Amino acid sequence: MIKLKQTKGFWLSILFAFALFTIVQIVISSALINFYIVNIIMTMGIYIILAVSLHLIIGITGQFSIGHAGFLAVGAYTSAVFTMKLGQPLLIGLIAGGLAAAIAGMLIGIPSLRLKGDYLAIATLGFGEIVRITFFNIDYIGGPSGMMVSQLTTWPWVFGCMLLTILVIRNFTNSTHGRACISVREDEIAADAMGINTTYYKVVAFLIGSFFAGVGGALWAHNFYIIQPSQFGFLKSFDILIFVVLGGLGSMSGAVIAAILLTLVSMLLTEYPETRMVIYSLILIITMLYRPRGLLGTKEVTSLFTNRRNKKGGPKDGNTHTVA
């Protein structure tokens with residue numbers, strides 16, 4: 001019965017997602033909104049991909065990584081080379097960008113994921129800066145001037161990649177491997193004592209998260225016409241990190257909601273560049289003061305709609321206590 005309810009909830013979620021896709025597609029095709037609003041929607045979808053991919057690394061596996069912009073850059077430049085230099089379609093660019101970022105994640109993950117806490121954060125931050133400086137000095141991709149990219153990203157591509165990212169990471173989290181990653185987050189020493197290969201699962205989570213970050217980078221590159229190394233600095237990593245922390249560590253729904261809200265706030269404040277970051281920072285400070293565990297904590301949106309029923313016990317006496 002429980003499996004039937006879970007299956008029903010899954011297909012209802014899929015139905016809602018495709019209804020949302022259809023509505024947005026009709027609105028865009030009918031030109032009911034201008035290009036600026038369309039760009040906001042595209043950016044929102046890309047940020048959701050990045051937030052959910054980092055959620056697997058930090059929220060599920062508990063690895064404090066602040067080099068996600070490096071994987072974003074690898075995916076962006078790799079896909080741009082495949083589409084602009086080699087004449088391949090966007091699909092090939094998306095796959096190539098994701099695979100290149102996954103390989104980079106594996107290369108940085110195997111040696112550095114033996115580190116913990118602040119040391120891992122510093123290592124991943126260094127990786128992101130190495131990637132940025134490397135692209136800065138490669139003339140083939142434009143160097144510091146950047147690389148011109150055709151606008152190939154559309155709403156169907158963004159929605160498809162976003163849905164695929166959410167489904168894969170959700171299913172991975174609910175699998176045996178996902179439970180192993182959660183055990184690493186809760187107590188790595190205890191997980192290791194129980195026979196779980198903690199380094200293996202940290203690398204796997206890092207590889208999956210970096211793959212989808214690379215896919216997000218490919219969509220990013222083909223949405224903004226030009227990509228430059230300066231776009232992928234450590235501040236971009238902190239932007240993505242804020243989505244995960246603000247939404248709630250361990251909550252995929254929270255990461256998605258935070259990505260949507262902060263993207264809207266950031267875009268609405270573009271007319272006030274002097275006070276934009278001040279207001280943005282105040283919103284984060286107030287949220288952290290009153291919701292230190294994030295918007296949803298470790299819960300998902302679906303848990304808010306479940307009926308809380310009292311567990312059935314033995315016969316009740318007159319004082320509403322169950323009789324042993």
Side-chain angles (χ1 to χ4, degrees), residues 21-22 24-53 68-105 128 131-165 210-233 235-237 239-240 259 263 266-267 270:
F21 164 77
T22 303
V24 175
Q25 182 63 29
I26 291 173
V27 170
I28 294 175
S29 301
S30 303
L32 298 177
I33 54 178
N34 58 32
F35 177 77
Y36 178 72
I37 303 298
V38 174
N39 187 58
I40 291 177
I41 295 173
M42 300 287 193
T43 305
M44 198 179 296
I46 295 171
Y47 276 141
I48 288 174
I49 294 173
L50 297 174
V52 172
S53 62
H68 222 53
F71 304 120
L72 177 67
V74 170
Y77 273 101
T78 302
S79 65
V81 167
F82 269 79
T83 56
M84 303 306 298
K85 302 287 188 180
L86 304 179
Q88 299 298 315
L90 179 60
L91 178 60
I92 300 299
L94 290 171
I95 296 173
L99 290 177
I103 293 172
V131 169
R132 185 178 66 86
I133 297 301
T134 300
F135 288 148
F136 192 87
N137 290 280
I138 298 178
D139 293 331
Y140 180 72
I141 55 176
S145 300
M147 183 176 178
M148 299 296 295
V149 184
S150 299
Q151 208 279 337
L152 301 176
T153 300
T154 59
W155 168 242
W157 279 113
V158 172
F159 176 83
C161 293
M162 181 177 64
L163 184 62
L164 179 64
T165 303
S210 59
F211 173 83
F212 286 109
V215 172
L219 294 172
W220 177 284
H222 294 88
N223 188 51
F224 292 102
Y225 296 100
I226 185 172
I227 50 175
Q228 297 173 307
S230 58
Q231 296 174 339
F232 307 105
L235 290 178
K236 181 61 69 178
S237 294
D239 285 341
I240 305 169
T263 302
S266 180
M267 294 297 180
T270 51

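Values below: all heavy atoms of this structure, side chains included; hydrogens, waters and symmetry mates excluded. Small disclaimer: the values here were computed from a predicted structure and weren't measured. We number each residue from 1, following the sequence as shown.
A donor-acceptor distance shorter than 3.5 angstrom exists from the side chain of Q151 to the backbone of T153, with no hydrogens or angles considered. Under the 3.5 Å distance criterion, the side-chain polar atoms of S53 are matched with a main-chain donor or acceptor of L50. The closest donor-acceptor contact from the side chain of W157 to the backbone of L91 lies at 3.5 Å or more, if one exists at all. The backbone N or O of S145 sits less than 3.5 Å from a side-chain atom of Q228, completing a donor-acceptor pair. The backbone N or O of V27 lies less than 3.5 Å from no partner atom in the side chain of S30, so there is not a single donor-acceptor pair.
Considering only heavy atoms from C-beta on, T165 stays 4.5 Å or farther from V215 through its side chain. Side-chain atoms of V149 and Y225, non-hydrogen and from C-beta on, never get closer than 4.5 Å to each other. Put simply, the side chain of V131 does not reach to within 4.5 Å of the side chain of F232, judged on heavy atoms. Using a 4.5 Å heavy-atom cutoff, the side chains of P156 and F21 are in contact. Looking at heavy atoms from C-beta onward, F224 lies in side-chain contact with T43 at the 4.5 angstrom threshold.
Considering all non-hydrogen atoms of both residues, A101 and G214 come closest at CB-CA, 3.5 Å. Looking at every heavy atom in both residues, A102 comes nearest to S210 through CA-OG, 3.5 Å. In terms of heavy atoms, I227 sits closest to A76 at CD1-O, 3.9 Å. Taking every heavy atom of both residues into account, A80 and H222 meet most closely at N-CE1, 4.1 Å. Summarising the geometry of G216 relative to I46, their closest heavy-atom pair is O-CG2, 3.6 Å, with the distance given to 0.1 Å. The two residues S79 and G93 come nearest to each other via the heavy atoms CB-O, 3.1 Å.
M162 contributes atom CE, which lies 5.0 Å from atom CD1 of I48 (distance to the nearest 0.5 angstrom). Residue Y77 holds its OH atom at 10.5 Å from CG of L72, rounded to the nearest 0.5 Å. Going from atom CG of L164 over to atom CD1 of I49 covers 9.0 Å, rounded to the nearest 0.5 Å. From T78, atom OG1 reaches atom CG of L94 across 12.0 Å, with rounding to the nearest 0.5 Å. To the nearest 0.5 Å, the span separating CD1 on I141 from CZ on F136 amounts to 11.5 Å. From M147, atom CE reaches atom CZ of F135 across 10.5 Å, with rounding to the nearest 0.5 Å.
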Open item on the list: Evaluate V52 against F212 for side-chain contact (heavy atoms from CB on, under 4.5 Å), listing each step before the verdict.
Closed with: CA-CA 9 Å; V52 172; F212 286 109; over 6 Å; no
- [ ] Apply side-chain contact (heavy atoms from CB on, under 4.5 Å) to the pair K236 and R132, showing each step before the final yes or no.
- [x] CA-CA 12 Å; K236 181 61 69 178; R132 185 178 66 86; over 6 Å; no
Open item on the list: Is there a side-chain contact (heavy atoms from CB on, under 4.5 Å) between F82 and I95? Walk through the geometry before answering.
Closed with: CA-CA 10 Å; F82 269 79; I95 296 173; over 6 Å; no
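The side chain to side chain donor-acceptor pair (under 3.5 Å) search around Y140 returns none, not counting sequence neighbours.
Using cut-offs of 30° and 60° for the angle between ring planes, the F71 and H68 rings count as perpendicular.
Only one option out of N39, L152, T154, V158 pairs with N223 in a side-chain contact (heavy atoms from CB on, under 4.5 Å); it is N39.
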